[in-house]
Amino acid sequence: MATTSTPQGTLRQRNVGVSTKKSKEGASPDVELDKLVKAAAEKSSKNSERDFKAVFVVITALAFLTRFWGISHPNEVVFDEVHFGKFASYYLEKTYFFDVHPPFGKLLFAFMGWLVGYDGHFHFDNIGDSYIVNKVPYVAFRSLPAILGALTVSVTYLIMWESGYSLPACIIAAGLVLLDNAHIGQTRLILLDATLVFAMACSLLCYIKFYKLRHEPFSRKWWKWLILTGFALSCDISTKYVGLFAFITIGSAVAIDLWDLLDIKRPGGALSLPEFGKHFAARAFGLILMPFLFYLFWFQVHFSILTRSGPGDDFMTPEFQETLSDNIMLANAVTIDYYDTITIKHKETKAYLHSHPDRYPLRYDDGRVSSQGQQVTGYPFNDTNNYWQILPAGADDQKLGRHVKNHDLVRLRHLVTDTILLSHDVASPYYPTNQEFTTVSIADAYGDRAADTLFEIRIEHGKNGQEFKSVSSHFKLIHNPSKVAMWTHTKPLPEWGYKQQEINGNKQIAPSSNVWLVEDIPSLPADDKRREKPERKVKTLPFLRKWFELQRSMFWHNNQLTASHPYASLPYQWPFLLRGVSFWTQNDTRQQIYFLGNPIGWWLASSVLAIYAGIVLADQFSLRRGIDALDHRSRSRLYNSTGFFFLAWATHYFPFYVMGRQLFLHHYLPAHLASALVTGAIVEFIFSQDAHEHEVAYQAAKAGKKTSVQKRHLSARERFAGQSMLASWIAAIVILVIVAASWYFFLPLTYGYPGLSVDQVLRRKWLGYDLHFAK
């Protein structure tokens with residue numbers, strides 16, 4: 001794992017034999033020599049620490065400068081600011097909204113708006129809307145991600161410093177993030193990624209600080225950094241669910257650490273099983289339980305603020321909606337009676353249950369045969385063909401004014417064609433395993449096909465005897481004989497179905513995609529007594545019930561983000577920066593913001609990842625052949641510290657290959673930060689070499705000889721004592737100069753100004769980037 005840079009004791013003694021002869025003053029010459037070495041080491045150590053601190057201050061200042069420079073441009077809504085700015089406004093108005101991301105990052109934006117006295121009056125409806133005209137404190141909003149983005153550079157530097165890397169390595173890693181156009185571009189706008197990347201970086205830093213205290217278990221500092229690691233992880237996953245990847249990174253390192261603790265031959269002595277149990281429980285508490293409690297806390301804040309009805313109501317169940325004030329459901333819910341004419345709407349696709357005289361074709365395209373019955377489809381617009389009369393199960397039941405209730409068996413009569421809804425054991429047009437929905441004549445419905453026309457009204461979370469109401473009663477229509485649920489999806493039928501949605505019987509009853517609602521009762525006069533709106537009290541629900549419901553809805557809708565997007569990209573394109581994303585354009589000035597990383601920096605980092613894998617494979621091959629080409633400390637750092645960074649990159653990158661949702665370049669930013677850490681570490685590995693006495697001491701300890709080896713981390717100054725760092729400095733300077741040139745070249749696309757001529761745009765289309773104004 002990581003090593004420290006700050007001295008925590010004296011320099012390791014060289015492997016020099018101790019003389020038995022005394023000097024006239026009673027001290028051995030070696031002891032006097034060791035005192036001189038210690039004094040020199042302490043002085044060198046102080047100078048080293050001062051150098052690290054000075055560079056840290058400079059890099060932090062540059063990070064703030066690059067993130068805040070021209071942050072007020074453009075003074076209009078850019079890209080996904082339409083979403084996250086809107087959500088901040090909803091928080092400030094206490095209006096309920098729905099989003100697929102957890103609330104932490106959006107709460108920070110709302111807090112920033114509250115600090116500057118913003119009331120949330122602007123809803124960020126369209127890209128290009130003016131902030132100046134609408135009097136929005138947009139610079140304050142953008143300052144939050146800019147601050148976090150700048151601090152991310154500082155944390156990157158601290159990660160390398162705490163890991164004991166040399167100053168050139170720290171500068172390279174931090175410089176690749178400092179001078180990266182993608183990190184700058186994403187942290188100058190009202191977007192969540194600055195919070196996500198900052199939390200991810202903090203989780204790595206805090207875990208390294210915790211790991212360095214492994215020889216002081218259960219001390220105050222040990223607990224502090226364990227809890228802070230858990231808090232950083234919680235902030236990560238509470239911003240976006242891809243923050244789970246940081247849990248995988250830290251969790252993998254913790255699993256390896258626990259496995260080492262379980263070893264009875266471990267250098268520090270074997271742990272008893274009760275002691276190991278304490279270590280396991282402490283890590284489970286700090287890295288699982290505490291993050292989960294923090295995660296729940298942000299949702300509690302979310303629910304506590306959003307108390308008014310808003311655009312997110314439709315995503316939630318009626319019971320949830322009734323906990324919001326001013327809810328339309330409380331005002332418009334009407335009890336449904338038998339013989340009412342109703343319109344039935346699918347909750348997710350918003351399509352109405354619809355029918356028309358046309359019939360299913362005899363054969364479908366795949367050769368299957370249909371019933372040639374009347375088509376029943378989903379139609380997105382209001383139409384009289386959406387009218388259905390709800391009838392009791394018994395043909396002789398003519399009693400009016402009787403309420404429909406949960407679990408009642410009903411029939412649905414299509415008014416325009418005077419037929420009854422039916423489902424039967426015939427395959428649907430698109431799903432051979434699902435049942436076809438059609439209609440039959442009234443005579444057949446009450447004759448031979450009576451059983452096939454009966455449907456159960458099953459209200460979601462409803463109680464026995466609960467009244468069936470319009471708008472508020474979300475329900476599933478269950479075919480009584482076959483127990484399939486009426487269902488629809490967005491794939492349109494062929495021309496014979498007028499491109500409308502297929503309605504079929506789904507054998508999987510549990511999914512929420514089977515839920516419908518009654519939108520209106522057209523047969524009920526406007527002045528009917530049932531339409532009266534008495535004042536109703538806002539209801540309450542237990543927190544965990546609301547949380548579970550919101551989680552289910554968030555996960556479902558997140559998985560539905562599969563539609564194509566002109567700037568979507570695939571994971572294999574990200575390390576090579578094959579395409580970016582157009583954020584904003586202005587035709588008059590030819591200005592544009594194009595989200596793109598620093599090509600040189602990204603290609604360098606991606607190449608170094610391959611180099612690292614090659615070095616590890618070559619080392620393993622050499623060891624197999626009996627060749628030990630690396631000293632112990634270099635190999636330990638290569639596999640542990642650099643390996644930890646590589647693990648962070650892999651766990652933040654490869655999972656995207658199995659995702660089916662829309663993906664964009666910004667999803668690679670956490671992995672890119674990890675690749676910058678690997679780059680700094682590998683440059684040091686290639687151009688530097690640890691002091692020889694440390695390997696001598698290790699080999700002596702391995703042979704069973706007594707040495708002065710202590711259980712502590714060595715600083716970079718100690719590790720490279722007496723070694724020239726010139727090669728590392730030259731490598732660092734060359735890398736940063738080239739990266740800085742590339743960064744400056746692409747700055748107009750990052751900051752959005754100045755506007756570029758056609759020739760200037762064409763010169764920046766290195767890999768055919770789809771830039772605007774290239775003609």
Side-chain angles (χ1 to χ4, degrees), residues 1-6 8-9 155 158-159 161-164 199-238 243-297 632-633 635-648 650-652 674 677 698 701-702 709-714:
M1 252 306 291
T3 59
T4 186
S5 65
T6 55
Q8 298 180 9
V155 172
L158 289 176
I159 289 172
W161 187 2
E162 286 295 332
S163 299
M200 173 264 191
C202 285
S203 69
L204 299 183
L205 175 62
C206 292
Y207 181 72
I208 290 170
K209 298 277 284 187
F210 164 75
Y211 183 81
K212 287 169 60 177
L213 294 165
R214 66 190 182 280
H215 298 303
E216 305 173 35
F218 308 110
S219 63
R220 179 178 293 183
K221 287 185 177 180
W222 187 91
W223 276 110
K224 178 182 77 172
W225 289 110
L226 176 63
I227 297 300
L228 286 176
T229 303
F231 181 72
L233 289 171
S234 177
C235 292
D236 201 1
I237 199 171
S238 298
L244 177 64
F245 301 157
F247 276 89
I248 300 174
T249 304
I250 303 299
S252 300
V254 168
I256 295 171
D257 186 30
L258 287 173
W259 185 252
D260 290 339
L261 288 176
L262 197 59
D263 186 1
I264 198 169
K265 297 180 181 179
R266 59 187 293 266
L271 292 180
S272 66
L273 286 180
E275 289 175 326
F276 177 79
K278 290 180 182 178
H279 278 274
F280 181 88
R283 287 162 173 78
F285 172 77
L287 302 178
I288 298 176
L289 180 60
M290 288 296 294
F292 180 67
L293 294 177
F294 284 129
Y295 177 73
L296 289 180
F297 171 74
H632 163 72
R633 187 169 295 278
R635 178 175 290 111
S636 176
R637 294 180 63 77
L638 183 69
Y639 284 86
N640 296 330
S641 180
T642 312
F644 179 62
F645 300 152
F646 187 83
L647 173 67
T651 53
H652 283 84
L677 297 173
Y698 169 76
K702 189 175 180 182
V709 175
Q710 303 172 28
K711 293 179 180 178
R712 65 178 184 82
H713 298 279
L714 293 180

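Residue indices begin at 1 and follow the sequence shown. Since we're looking at a predicted model, the values are computed, not measured.
Residue Lys221 places its NZ atom among 12 or fewer non-hydrogen atoms of other residues, nucleotides or ligands, all under 6.0 Å distant.
In terms of heavy atoms, Ile159 sits closest to Ala201 at CD1-O, 3.5 Å. The minimum heavy-atom distance linking Gly230 with Leu287 is given by the pair N-CD2, 3.9 Å. For the residue pair Ser163 and Ile208, the shortest heavy atom distance occurs at OG-CD1, 3.5 Å.
Residues that satisfy the side-chain hydrogen bond (donor to acceptor under 3.5 Å, both in side chains) test with Thr249, not counting sequence neighbours, are Thr651.
Using a 4.5 Å cut-off on side-chain heavy atoms (C-beta onward), Phe276 and Leu258 make contact. For the pair Arg266 and Asp260, the minimum side-chain heavy-atom distance is 4.5 Å or more. When side chains are defined from C-beta on, Leu289 counts as touching Leu293, because their heavy atoms get closer than 4.5 Å. In this structure the side chain of Phe646 never reaches within 4.5 angstrom of the side chain of Leu677, judged on heavy atoms.
A donor-acceptor pair under 3.5 Å is absent between the side-chain atoms of Arg637 and the main chain of Arg633, judged by distance alone.
Taking OH of Tyr211 as the reference point, atom OG1 of Thr229 lies at 13.5 Å (rounded to 0.5 Å).
For the ring-ring contact (aromatic ring centres under 6.0 Å, His included) test with Phe210, the passing option among Trp225, Trp223, Trp222, Phe231 is Trp222; the others fail.
Between Glu162 and Lys212, at least one side-chain N (NZ, or NE/NH1/NH2) sits under 4.0 Å from a carboxylate O, which counts as a salt bridge.
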